[in-house]
Trainee: 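Sharing a structure with you now.
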Amino acid sequence: MKRITSIVAGLAVVLAACDGGTPTANTPVAPTVTTTTPAALAVNVVRNPSVTAVFSNAMAPTTLTTTTFTLTLGTSVVPATVSYTGMTATLVPTSPLTPNTSYTATITTGATSAAGLPLATAKTWTFTTVASSSTGPALVNLGTAGSYVILAKTSVSTTGVSAVLGDIGISPAAATFVTGFSLIADPSNVFATSSLVTGQVKAANYATPTPAALTTAVLDMQAAYTDAAGRSLPDFVELGAGNIDGLILTPGLYKWGTPVNVPIGVTLTGGVNDVWIFQIAQNLTIGNGAIITLAGGAQARNVYWQVAGQATIGTTAAFKGIILSQTLVSFNTGASIIGRALAQTAVTLNATTVTTP
């Protein structure tokens with residue numbers, strides 16, 4: 001009797017499934033989108049986002065394309081690439097998005113699961129990009145650190161014949177840690193001169209008022225570093241996965257958790273008052289012979305490279321901008337900079353040309 005009851009119950013489940021009732025464990029289920037990035041209605045989204053959708057089911061990769069997964073601005077489709085890995089589809093715009101603008105992401109029912117079932121319902125969500133200025137962020141206040149073309153805490157050295165246009169400062173280290181410059185003390189002992197420097201060299205052990213002035217300058221340098229590192233709401237994050245070679249960069253706030261490399265060159269294009277801040281959580285490496293090009297009137301004095309690690313400027317490279325380094329700034333043979341090297345440890349030159357921006 002129990003066996004007959006079990007058979008009848010099983011038949012009832014099968015009939016219910018056939019009539020549209022509760023599906024069995026083996027019945028395929030239409031996929032849905034479980035999470036998205038950016039989230040629906042997100043604001044202050046970076047201008048180089050990876051727009052992603054995670055699905056409830058494994059999907060058929062060939063059905064996730066630029067036709068079924070789109071990003072639109074009004075009625076215009078944003079050019080992008082689409083890929084699918086694991087359970088996640090990713091759309092990456094081919095050009096930066098416009099600031100302070102609402103975009104709509106859509107996945108249509110043309111996207112199907114691996115079992116061939118279409119998306120249960122089309123998925124649509126919107127987000128708004130960061131409301132940044134077209135001229136970039138506000139300037140970083142260098143305070144009295146801006147009086148120096150080179151400022152360091154532990155040492156400043158040169159090998160070869162360098163040429164420095166501007167003042168050099170070192171504190172709390174003494175003048176003995178400024179090496180390779182053949183310093184000549186001024187009779188006042190407030191500063192020294194060098195045949196390699198068009199300007200003054202100042203150290204913490206020189207006469208008043210130099211020590212106090214240098215202490216203030218170093219504190220200002222550290223404050224400027226903290227300011228640059230603390231700027232929020234970046235326009236771009238992890239651009240180029242840290243390799244920005246060959247890119248044309250408009251004014252803005254750029255942020256990386258990786259090292260940043262420029263093997264051959266990069267171009268910064270903007271007006272005379274436009275500002276760039278590069279927040280780099282690791283090292284900055286400029287390749288041998290690489291060139292930082294300023295276009296459209298962009299000025300080196302408005303470009304800030306905040307480097308948590310070491311900044312290395314390659315042999316004969318032509319660098320532009322103000323380096324705010326938490327550690328070492330190193331220039332290899334024949335490199336040049338139009339800008340400032342402000343380091344919380346040391347600056348090393350090797351037949352380097354340093355010019356005030």
Side-chain angles (χ1 to χ4, degrees), residues 142-186 189-226 228 280 282-286 305-315 317 319 321-357:
L142 299 179
T144 60
S147 300
Y148 299 89
V149 70
I150 296 174
L151 181 63
K153 294 175 69 175
T154 62
S155 66
V156 178
S157 65
T158 184
T159 53
V161 180
S162 292
V164 178
L165 176 59
D167 289 352
I168 296 175
I170 182 171
S171 178
T176 52
F177 291 90
V178 180
T179 58
F181 288 91
S182 300
L183 297 181
I184 302 170
D186 181 76
N189 202 37
V190 171
F191 63 90
T193 60
S194 167
S195 62
L196 305 182
V197 181
T198 304
Q200 299 178 351
V201 179
K202 299 180 179 180
N205 63 322
Y206 284 173
T208 303
T210 295
L214 281 171
T215 296
T216 300
V218 167
L219 290 174
D220 287 347
M221 171 179 68
Q222 293 173 170
Y225 176 92
T226 300
I280 303 168
Q282 298 185 42
N283 293 337
L284 169 65
T285 303
I286 308 299
W305 303 81
Q306 175 264 313
V307 184
Q310 176 176 318
T312 302
I313 315 303
T315 301
F319 189 84
I322 297 164
I323 302 173
L324 291 161
S325 176
Q326 197 168 33
T327 60
L328 170 69
V329 179
S330 175
F331 294 90
N332 291 339
T333 308
S336 66
I337 176 175
I338 299 175
R340 304 183 192 280
L342 309 179
Q344 294 182 42
T345 60
V347 176
T348 63
L349 311 178
N350 189 340
T352 302
T353 301
V354 183
T355 305
T356 304

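We use all heavy atoms of the structure for the numbers below, so side chains are in, but hydrogens, waters and symmetry mates are not. Just so we're clear, the structure is a prediction, and the values are computed from it rather than from any experiment.
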Trainee: Just how far is it from atom CG of L328 to atom OG of S155, taken to the nearest 0.5 Å?
Mentor: 8.0 Å
Trainee: With rounding to the nearest 0.5 angstrom, report the OH to CG distance, Y225 to L324.
Mentor: 8.5 Å
Trainee: Could you walk me through whether S330 and T348 pass the side-chain hydrogen bond (donor to acceptor under 3.5 Å, both in side chains) check?
Mentor: CA-CA 5 Å; S330 175; T348 63; 3.2 Å; yes
Trainee: Between T315 and T333, is there a side-chain donor-acceptor contact under 3.5 Å, judged purely by atom types and distance?
Mentor: no
Trainee: Quick one: which of L183, T158, V164 gives a side chain to side chain contact (heavy atoms under 4.5 Å, CB included) with L196?
Mentor: T158
Trainee: Side chains of L142 and L342: closer than 4.5 Å at any heavy-atom pair?
Mentor: yes
Trainee: Measure the shortest side-chain to side-chain distance between D220 and Y148 over non-hydrogen atoms and say whether it is less than 4.5 angstrom.
Mentor: no
Trainee: Tell me, do Q310 and S325 make a side-chain contact under 4.5 Å, heavy atoms counted?
Mentor: no
Trainee: Quick one: NZ on K153 to OG1 on T345, what's the gap to the nearest 0.5 Å?
Mentor: 9.0 Å
Trainee: Given side chains that start at C-beta, do those of Y206 and V190 come closer than 4.5 Å, heavy atoms only?
Mentor: no
Trainee: Could you report the tightest heavy-atom contact between I337 and G321, atom names first, then the distance?
Mentor: CD1-O, 3.6 Å
Trainee: To the closest 0.5 Å, what do you measure between CG (L214) and CE (M221)?
Mentor: 10.0 Å
Trainee: Can you see which heavy atom on G339 is nearest to which on P357, and at what distance?
Mentor: O-CD, 3.3 Å
Trainee: Do the side chains of D167 and F191 get nearer than 4.5 Å, heavy atoms only?
Mentor: no
Trainee: Rounded to the nearest 0.5 Å, what separates atom OG1 in T193 from atom CD1 in I184?
Mentor: 4.5 Å
Trainee: Of T355, I150, T356, which meets side chain to side chain contact (heavy atoms under 4.5 Å, CB included) against R340?
Mentor: T356
Trainee: Taking the side chain as every heavy atom from C-beta outward, state whether L284 and F319 have any atom pair closer than 4.5 Å.
Mentor: yes
Trainee: Mind listing the closest non-hydrogen atom pair of S171 and A204 along with its distance?
Mentor: OG-CB, 3.7 Å
Trainee: Please find the pair of heavy atoms, one from V156 and one from G169, that lie closest to each other, and give the distance.
Mentor: CG2-O, 4.4 Å
Trainee: Any side-chain to backbone donor/acceptor pair from S194 onto F181? Under 3.5 Å, distance only.
Mentor: yes
Trainee: What are the two closest non-hydrogen atoms of T154 and F177, and how far apart are they?
Mentor: O-CB, 3.4 Å
Trainee: What heavy-atom pair brings I313 and A317 nearest, and what distance separates the two atoms?
Mentor: CG2-CB, 3.8 Å
Trainee: What distance separates Q200 CD from I168 CD1, expressed to the nearest 0.5 Å?
Mentor: 11.5 Å
Trainee: Flag the pair T312 / N332 as yes when at least one side-chain heavy-atom distance between them is below 4.5 Å, and no otherwise.
Mentor: yes
Trainee: For residues I323 and V347, determine if any side-chain heavy atom of one lies less than 4.5 Å from a side-chain heavy atom of the other.
Mentor: no
